[in-house]
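Since the structure comes first, as structure tokens, the remarks are kept for the end.
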Amino acid sequence: MHTVTFYPLGNADCVKIDLAKGRSLLFDYANTRDPSDKADPRIDLAAQLKTELSKADRRHFDVVAFTHLDDDHIKGAPDFFHLEHALKYQGSRRIKIKELWVPAAAITETGLTGDKGIIQREARNRLSKGKGIRVFSRPALLEKWLRTQKLTVDSRRHLITDAGQIIPSFTRANHGVEFFVHSPFAMRSEGQIVDRNRDALVVQAIFDCYGTETKLILASDVDHEAIDDIVRVTQRNNNHKRLEWDLFKIPHHCSYLSLGPEKGRLKTNPTLFVNWLFETQGRERGRLISTSEPIPKQDTDQPPHLQAANYYRQTATNKAGEFLVTMGHPQRCAPKPLVVQISESGATVHKIIGSGATDLVTHASPRAG
């Protein structure tokens, strides 16, 4: 049985995947809770992860992926992880990273400071040394940066995975999962200005449990234009199955801009390609998960947007599924990690009731692989 955990962090991301055979992956890390505010309902991410790792008798993650280097995906990471590029970020209480996953923009972008700059230095150090890293996309700027280190793309090709490829670190036979890369595309990073959201890592994970497939899409913070690109390429290559989903971490904290260019009055109308992704590719009893603050009851400037949530709710209803919000699970006043177990029966969402003494579970229908 595999487990996928979504943490309540406000408008921020951290998703943990624990595989049945023991490997553990973390997608993004943003410790957003205010330690001086005892009423802050967001989880203490560092404490929570260390507790979970301790229970599993682990001091490392096999993979830590930073889908892009915005604050809501990396905040506090230099204080939590053991980083190899400088002694000040090392110590016995820090959590080690066996393999770091980053988009090429995390290597090539210039002018980064703070936590962004620290994570970039770690990624650059690992790529220079040629181990402990995987970089996604192969833009011209990456080649230029490698030349500054007296390296070539060919010398680091084994550490680079392009969109349209399966990540070689994991296989269904050995790990019960495979990861297919949808974004970033190489063409997007060839200019001097880097848009971190459009160059973000987007993957489909396919879990295989005794012949039952459960499909998860992690969509980072990409906008509707990036999703349109992904769908166009997928359709052109007749690769529709790579965009099927049972679980979908919706992008950008339920922003309407991940659906279409106009917010709408009551509901956001998605582009044709975005609508195809959600309406056609979502499977029966699919779950749409918003890593965000609770959905407001009125129009707001910042996400989550009520209009986008109304579209996602309707989509989930059409599939007899669920629209779930991390900061509203199981209730707004006391959010807890949203835990999904994946087995031969499909996906099981655990809903904590009250003090947590009782679990209510809902099941997806079995999937034949």
### Query
Considering residues at least two apart in sequence or located in another chain, which fulfil the side chain to side chain contact (heavy atoms under 4.5 Å, CB included) criterion with Ala86?
Lys88, Tyr89
### Query
Under a 4.5 Å cut-off applied to non-hydrogen side-chain atoms, are Leu127 and Trp145 in contact?
yes
### Task
For the pair Ile206 and Arg242, evaluate side-chain contact (heavy atoms from CB on, under 4.5 Å) and give the outcome as yes or no after the intermediate values.
CA-CA 9 Å; Ile206 301 180; Arg242 290 299 182 182; 3.3 Å; yes
### Summary
Rounded to the nearest 0.5 angstrom, the CG-CD distance for Leu257 and Glu225 is 9.5 Å
### Query
How many angstroms lie between CD in Glu122 and CD in Gln120, if you round to the nearest 0.5 Å?
12.0 Å
#### Entry: Where Ser220 and His68 come nearest, the two heavy atoms and their spacing
OG-ND1, 3.1 Å
### Query
Between Leu243 and Val231, does a side-chain contact (heavy atoms from CB on, under 4.5 Å) hold up when you go through it step by step?
CA-CA 8 Å; Leu243 282 177; Val231 171; 4.0 Å; yes
### Query
If we ignore angles and hydrogens, is there a donor and acceptor under 3.5 Å between the side chains of His350 and Gln341?
yes
### Query
What's the shortest heavy-atom distance between Phe61 and Lys16, and which atoms?
CE2-CD, 3.7 Å
### Query
Take atom NZ in Lys96; do more than 12 heavy atoms of anything else shown fall under 6.0 Å from it?
no
### Query
Do Ile95 and Ile43 sit in the same hydrophobic cluster, where Ile, Leu, Val, Met, Phe, Trp and Tyr count as joined when their side-chain heavy atoms come under 4.5 Å apart?
yes
### Query
Within the distance-only criterion (no hydrogens, no angle test), does the side chain of His329 pair as donor or acceptor with the backbone N or O of Val325 below 3.5 angstrom?
no
### Contact check, side chains of Leu259 and Tyr311, non-hydrogen atoms, under 4.5 Å
yes
### Query
Rounded to the nearest 0.5 Å, how far apart are CG of Leu9 and OG1 of Thr32?
4.5 Å
### Message
I want to check something: taking the side chain as every heavy atom from C-beta on, are Glu213 and Lys241 in contact at a cut-off of under 4.5 Å?
### Response
no
### Message
With no hydrogens and no angle check, just 3.5 Å: does a side-chain donor-acceptor pair link Asp44 and Gln48?
### Response
no
### Query
So, Arg313 side chain and Phe323 main chain: donor-acceptor pair closer than 3.5 Å or not?
no
### Message
Take a 6.0 Å sphere around CZ of Arg265 and say whether it holds more than 12 heavy atoms from other residues, nucleotides or ligands.
### Response
no
### Task
With side-chain contact (heavy atoms from CB on, under 4.5 Å) as the test, would you mind laying out the steps for Leu25 and Leu19 before giving the verdict?
CA-CA 8 Å; Leu25 304 87; Leu19 299 177; 4.0 Å; yes
#### Entry: Shortest non-hydrogen contact between Phe136 and Pro184, atoms and distance
O-CG, 3.5 Å
### Task
Find out if a path of hydrophobic residues (ILVMFWY) with successive side-chain heavy-atom gaps under 4.5 Å connects Met1 to Val349.
no
#### Entry: Heavy-atom pair with the smallest gap, counting every atom of Asp228 and Thr271
OD1-OG1, 2.7 Å
### Query
CD1 of Ile250 to OG of Ser255: how many Å apart, nearest 0.5 Å?
9.5 Å
### Task
Find out whether Leu306 and Ile295 are in side-chain contact, i.e. whether some heavy atom of one side chain is under 4.5 Å from a heavy atom of the other.
yes
### Query
Hey, is the main chain of Lys263 close enough, under 3.5 Å, to the side chain of Thr268 for a donor-acceptor pair?
yes
### Query
Which class fits the ring pair His2 and Phe207: parallel under 30°, tilted 30 to 60°, perpendicular over 60°?
tilted
## Note on the structure
In short, ring pair (Phe, Tyr, Trp, His ring centres under 6.0 Å) pairs touching residues 259-287 with sequence neighbours left out are His240-Trp276, Phe248-Phe278, Phe278-Tyr312
## Note on the structure
With Pro304 as partner, the option from Glu293, His253, Met327, His252 fulfilling side chain to side chain contact (heavy atoms under 4.5 Å, CB included) is Glu293
#### Entry: Residue Glu262 excluded, over 12 heavy atoms near CD under 6.0 Å
no
### Task
Taking Thr212 for its side chain and Glu344 for its backbone only, find out whether a donor-acceptor pair lies under 3.5 Å.
yes
### Query
So, Arg126 side chain and Gly132 main chain: donor-acceptor pair closer than 3.5 Å or not?
yes
### Separation between CZ of Phe66 and CG of Asp115, rounded to the nearest 0.5 Å
9.0 Å
### Under 3.5 Å side-chain donor-acceptor pair for Ser24 and Asp18
yes
### Query
Between the side chain of Asp28 and the main-chain N/O of Thr67, is any donor-acceptor distance below 3.5 Å?
yes
### Query
Is the backbone N or O of Thr108 less than 3.5 Å from a side-chain atom of Lys144, with the two atoms forming a donor-acceptor pair by type?
no
### Task
For the pair Glu109 and Lys116, find out whether any cationic side-chain nitrogen is under 4.0 Å from an anionic carboxylate oxygen.
no
### Message
One thing to verify: whether Asp246 and Arg285 come together as a salt bridge, which I'm taking to mean a side-chain N less than 4.0 angstrom from a carboxylate O.
### Response
no
### Query
Does Pro251 reach the side chain of Ile227, with side-chain heavy atoms less than 4.5 Å apart?
yes
### Task
Check for a donor-acceptor pair, side chain of Asn11 on one end and backbone N or O of Pro303 on the other, with a separation under 3.5 Å.
yes
### Message
Test your reading of the model: is there a side-chain donor-acceptor pair from Ser183 to the backbone of Leu201, 3.5 Å cut-off?
### Response
no
### Message
Looking at Lys75, I want to see if its NZ is surrounded by more than 12 non-hydrogen atoms of other residues, nucleotides or ligands under 6.0 Å.
### Response
no
### Summary
Taking every heavy atom of Val135 against every heavy atom of Pro103, the minimum-distance pair comes out as CG1-C, 4.2 Å
#### Entry: His82 side chain reached by His60 side chain, heavy atoms, under 4.5 Å
no
### From Leu49 atom CG to Leu26 atom CG, the distance as rounded to the nearest 0.5 Å
6.0 Å
### Task
Please lay out, stage by stage, how Arg23 and Val177 fare under the test side-chain contact (heavy atoms from CB on, under 4.5 Å).
CA-CA 11 Å; Arg23 290 198 176 188; Val177 69; over 6 Å; no
### Message
Closer than 3.5 angstrom, by distance alone: can the side chain of Arg59 be matched with the main-chain N or O of Arg93 as a donor-acceptor pair?
### Response
yes
### Worked verdict on Gln314 versus Asn310 for side-chain hydrogen bond (donor to acceptor under 3.5 Å, both in side chains)
CA-CA 6 Å; Gln314 184 61 57; Asn310 285 339; over 6 Å; no
### Task
Evaluate the side-chain proximity of Phe80 to Lys50: yes if any heavy-atom separation is below 4.5 Å, no if none is.
yes
### Query
Out of curiosity, does Leu272 fall in the hydrophobic cluster containing Leu277 (side-chain heavy atoms, cut-off under 4.5 Å, transitive links)?
no
### Message
Would a single hydrophobic cluster contain both Phe180 and Trp245, if residues Ile, Leu, Val, Met, Phe, Trp and Tyr are joined by side-chain heavy-atom contacts under 4.5 Å?
### Response
no
## Note on the structure
Note: Gln204 and Glu244 closest approach over all heavy atoms is NE2-O, 3.1 Å
### Query
Given the rule that I, L, V, M, F, W and Y join up when any side-chain heavy atoms are under 4.5 Å apart, are Val233 and Ile217 in one cluster?
yes
### Task
Indicate yes or no: at least one non-hydrogen side-chain atom of Ile289 is less than 4.5 angstrom from one of Val15.
no
